[in-house]
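The next block holds one structure in the form of structure tokens; read it before the comments.
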Protein chains: 2
Amino acid sequence: MNGRFSIAMHIMTLLCAGEDSLLSSEFMAGSININPVLVRKELSNLLKHGLISSQMGKNGGYALAKPAKDITIAGIYEAVKPDAVLGQAKNQPNPACPIGKQINAHLKQLDAEIEQVMLNKLGTTTLAEFCNKFE
Amino acid sequence: MNGRFSIAMHIMTLLCAGEDSLLSSEFMAGSININPVLVRKELSNLLKHGLISSQMGKNGGYALAKPAKDITIAGIYEAVKPDAVLGQAKNQPNPACPIGKQINAHLKQLDAEIEQVMLNKLGTTTLAEFCNKFE
DNA sequence: TGATATGTAATAAAAATTATTACAATACAA
DNA sequence: TTGTATTGTAATAATTTTTATTACATATCA
């Protein structure tokens, strides 16, 4: 997995901490310390998943779409999750080999099981709780 | 995460299925369908973690270091696991921002918790059980 | 002693990620 | 109604990571 979950969590934490006002992508990029366009790209994705709302034009910006206590870390993870939690190689296993022929199906099943326990655990913490850890 | 776990699982499954003989990196590369040097690199890592044994010279090759029933998927995962299960961005958050200053520490803690539940789950299946799924 | 392996370093090629530039669309406010 | 600040998005470039390849030293068997 790449850095998208970290970036998404950073964004959501900022929006949670600044819950009363709209935050700009420029401001968030300054905190995260990455390019503002990348921030907007992730914001666009979070928007699509209904986690945040946006306001265009001057004095526009972003805010949480619902109270932080109603957003779980699992919900945020779902918005950015990779195809395979355990990673996936780009190779095409040899179909003439009895192991190669079946390995991807079995790995996929294993991956699904692991994703489930991860989501269960991530679902026990809300964004509000995560945000409360900050002083 | 990249494809290392998949490759490692493929290797370990091949060694499990061919438990009676030594397998060469060339043969395994043919099943996985990647470059033999990459296979040897991963074999080198699995060796370092005590999961397999190797025999140099003609008629050499690789084998499991212990019975497949004594190897868990968690053990294999440990050998290839990334620094962060949930991924890590390469940015350096702004230390002047109260959120940026602390986010990495909190994300690291979250990551450790998730890794724990993953390992718990992966620890419930042995390589022998995984291998038995193949027909 | 020749053939076949492992083990590993160095380098090249390909793919993925991140950054940058550019600009259209929108909304506020003077 | 016009200038300014902002979202939204496409196109491209730069960087980093992953994968492949080449090369060769070392080991073991027959």
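Chain naming here is simple, since letters A, B, ... match the order of the sequence lines and numbering starts at 1 in each.
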Rounded to the nearest angstrom, tell me the gap between atom [atom1] in [X] and atom [atom2] in [N].
X: A/F27; N: D/dT7; atom1: CZ; atom2: P; result: 12 Å
X: A/Q55; N: C/dA29; atom1: CD; atom2: P; result: 11 Å
X: B/I32; N: D/dT19; atom1: CD1; atom2: P; result: 12 Å
X: A/E26; N: C/dT20; atom1: CD; atom2: C1'; result: 13 Å
X: B/L38; N: C/dT6; atom1: CG; atom2: P; result: 14 Å
X: B/L22; N: D/dC29; atom1: CG; atom2: C1'; result: 13 Å
X: A/K58; N: C/dA25; atom1: NZ; atom2: C1'; result: 16 Å
X: B/Q88; N: D/dT17; atom1: CD; atom2: P; result: 10 Å

Under 4.0 Å between a side-chain N/O of [X] and OP1 or OP2 of [N], yes or no?
X: A/N35; N: C/dT18; value: no
X: B/S25; N: C/dT6; value: yes
X: A/S24; N: D/dA5; value: no

What's the closest nucleotide to the side chain of [X] if the choices are [options]?
X: A/V37; options: C/dT6, D/dG8, C/dT20; answer: C/dT20
X: B/K90; options: D/dT16, D/dT7, C/dG7; answer: D/dT16
X: B/I34; options: D/dA20, C/dA19, D/dC29; answer: D/dA20
X: A/Y62; options: D/dT19, D/dA23, D/dG8; answer: D/dG8

For a side chain to side chain donor-acceptor pair (under 3.5 Å) check, start with the C-alpha distance between B/N45 and B/E42, then their side-chain angles and the critical distance, and finish with the verdict. CA-CA 5 Å; B/N45 179 56; B/E42 195 54 70; 2.9 Å; yes
Are side-chain heavy atoms of B/F134 and A/I103 found at a separation under 4.5 Å?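 They are in contact (side-chain heavy atoms under 4.5 Å apart), so the answer is yes.
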Sub-4.5 Å side-chain heavy-atom contact between A/I73 and A/F5: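 Counting from C-beta outward, A/I73 and A/F5 do come under 4.5 Å.
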Specify the residue among B/R40 and A/S44 whose closest nucleotide of DNA chain D lies further upstream toward the 5′ end.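 Looking at DNA chain D, the more 5' nearest nucleotide goes with A/S44.
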When you match A/M28 and A/K41 each to their closest nucleotide on DNA chain D, which lands nearer the 5' end?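 So the residue in question is A/M28.
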Looking only at atom types and distance, does a side-chain atom of B/E129 sit under 3.5 Å from a main-chain N or O of B/T126, one as donor and one as acceptor?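 Yes; at least one donor-acceptor contact below 3.5 Å.
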Would the distance check show the side chain of A/S31 and the main-chain N or O of A/M28 forming a donor-acceptor pair, the cut-off being under 3.5 Å?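 No: the side chain of A/S31 does not pair with the backbone of A/M28.
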For B/L47, answer base if it contacts any base atom (sugar-phosphate contacts may also be present), sugar-phosphate if it contacts only those atoms, and nothing otherwise; contact means non-hydrogen atoms under 4.0 Å.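 Counting heavy atoms under 4.0 Å across all strands, the contact made by B/L47 is with sugar-phosphate only.
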